[in-house]
Amino acid sequence: VVITRDEVAAAPEGTAREARLLELIWPRIAEHYVARQGLAATPAEEEEVLAYHREFERRDRAQRARKLEELDRRLTVDSLGPEERTWLQEFQATLRRLALYDLEQDRMPPQDREQLQAFLALWVEMWKLNRAIFERYGGVVAVEEFGPSPHGARAALIADYERQGLLQFADTGLRERVYAILEHPPSMVVPSDRVDFTPYWKRPIPPSYFPD
């Protein structure tokens, strides 16, 4: 796959060319590595994630339904102060909106569910890729919004692809700036003794965000 200068130049305003190039390089390498190493999501893995989400949703709905019943009872008490009553009414309205959203989700067209399954397949592959390259290359692991990110291993994989001739840079200056991004330490790092690439769907379902 060839990445042209025009593609790099099409970066959104304020985006450095090297950052744009890395955005174009990494998905191609990730896709190639997943295929090469047999890391594609299997139907069983996709079903495992879907089962987790179904159980999470079932518990969450049940917890919210119990909380809504509790709020309905508490709001019948005349001795509530105005501030407490206002807060409880706002909470009640939020839970009712979520209940309506649940009904809309239950009527989701089949094609939307297929899109969800396709998205979850990519999610499975991302976790499998991250774990695989960390086990192979090691390196520093960054703390990111959706879990640990093998920052050092990703840089090592890109360098390995270049050594194998699978990746070539026509612009040496741009190459150096790309590697500068890859070698820049992340702002938050997972301690080496706490690195764990177990995906969330293989962990216990967390408790509700509000008490029963």
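The figures here come from the full heavy-atom set of this structure, side chains too, leaving out hydrogens, waters and symmetry mates.
- Between Y200 and W127, the ring-plane angle classifies as perpendicular under the 30° and 60° cut-offs.
- A salt bridge is absent between E70 and R66; no separation between the charged side-chain nitrogens and carboxylate oxygens falls under 4.0 Å.
- Side-chain contact between R154 and S149 is present, with heavy atoms from C-beta onward closer than 4.5 Å.
- In this structure, L167 CG and I3 CD1 are separated by 8.0 Å, a value rounded to the nearest 0.5 Å.
- By the 4.5 Å heavy-atom criterion applied to side chains, R85 and P82 are not counted as neighbours.
- Rounding to the nearest 0.5 Å gives a distance of 5.5 Å between NZ of K67 and CZ of F91.
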| Test side-chain contact (heavy atoms from CB on, under 4.5 Å) applied to L68 and R96, step by step | CA-CA 8 Å; L68 184 56; R96 285 177 174 171; 4.1 Å; yes
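- For the pair L39/E125, no side-chain contact is recorded, criterion being any heavy-atom separation below 4.5 Å from C-beta on.
- Remark: Q89 CD to E84 CD distance equals 11.0 Å, nearest 0.5 Å.
- Grouping the Ile, Leu, Val, Met, Phe, Trp and Tyr side chains by contacts below 4.5 angstrom, directly or via other members, places V124 with I205.
- Summarising the local packing, CG of D78 is surrounded by 12 or fewer heavy atoms from other residues, nucleotides or ligands at distances under 6.0 Å.
- When the shell of 6.0 Å around CD of E31 is examined, it contains 12 or fewer heavy atoms from other residues, nucleotides or ligands.
- For W123 and F146, the ring centers are positioned less than 6.0 Å apart.
- Here the straight-line distance linking atom CD of Q105 with atom CZ of R107 works out to 10.0 Å at 0.5 Å rounding.
- Within 6.0 Å of CZ in R54 there are more than 12 heavy atoms belonging to other residues, nucleotides or ligands.
- Grouping the Ile, Leu, Val, Met, Phe, Trp and Tyr side chains by contacts below 4.5 angstrom, directly or via other members, places L157 with I25.
- A ring-centre distance under 6.0 Å is not found for F134 and H151.
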| field | Candidate pair M126 and L122, rule side-chain contact (heavy atoms from CB on, under 4.5 Å), full reasoning | value | CA-CA 6 Å; M126 183 195 76; L122 293 175; over 6 Å; no
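- Residues V141 and I181 do not share a hydrophobic cluster, clusters being chains of Ile/Leu/Val/Met/Phe/Trp/Tyr side chains in contact below 4.5 Å.
- Interatomic distance, CZ of R64 versus CD of E69, reported as 13.0 Å (0.5 Å rounding).
- To the nearest 0.5 Å, atoms CG (L21) and CD (E7) are separated by 9.5 Å.
- The shortest non-hydrogen separation linking A121 to E46 is CB-OE2, 3.5 Å.
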| query | Could you go step by step and tell me if L75 and L80 meet the side-chain contact (heavy atoms from CB on, under 4.5 Å) rule? | reply | CA-CA 8 Å; L75 284 165; L80 289 174; 4.2 Å; yes
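- Between R177 and D171 there is no salt bridge, since no side-chain N of the basic residue sits under 4.0 Å from a carboxylate O of the acidic one.
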| Which is it for T198 and R131 under the side-chain hydrogen bond (donor to acceptor under 3.5 Å, both in side chains) test, yes or no, and what are the steps along the way? | CA-CA 8 Å; T198 303; R131 181 174 58 192; over 6 Å; no
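- For the pair Y179/L174, no side-chain contact is recorded, criterion being any heavy-atom separation below 4.5 Å from C-beta on.
- Contact annotation: the side chain of F197 never approaches that of V190 to less than 4.5 Å [non-hydrogen atoms, C-beta and beyond].
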| Are T76 and D72 close enough, and set up right, to give a side-chain contact (heavy atoms from CB on, under 4.5 Å), and what steps lead you there? | CA-CA 7 Å; T76 62; D72 290 342; over 6 Å; no
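- Side-chain N or O atoms of E55 include none that pairs as donor or acceptor with a backbone N or O of Y52 at under 3.5 Å.
- Between R175 and E18 no salt bridge is recorded (no basic side-chain N to carboxylate O distance below 4.0 Å).
- Between I29 and I158, the closest side-chain pair of non-hydrogen atoms falls below 4.5 Å.
- Crowding of Q168 atom CD: a count of heavy atoms from other residues, nucleotides or ligands under 6.0 Å not exceeding 12.
- Linking Ile, Leu, Val, Met, Phe, Trp and Tyr residues whenever their side-chain heavy atoms come within less than 4.5 Å leaves V189 and V143 in two separate clusters.
- Listed here is the closest heavy atom pair of I133 and P150: CD1-CG, 3.8 Å.
- For the pair Y33 and R136, the minimum side-chain heavy-atom distance is below 4.5 Å.
- Taking each heavy atom of N130 and P148 in turn, the nearest pair found is ND2-O, 4.1 Å.
- No continuous path of ILVMFWY side-chain contacts below 4.5 Å connects Y137 to V195, so the two sit in separate hydrophobic clusters.
- At a threshold of 4.5 Å between non-hydrogen side-chain atoms, the residues L129 and Q37 do not count as touching.
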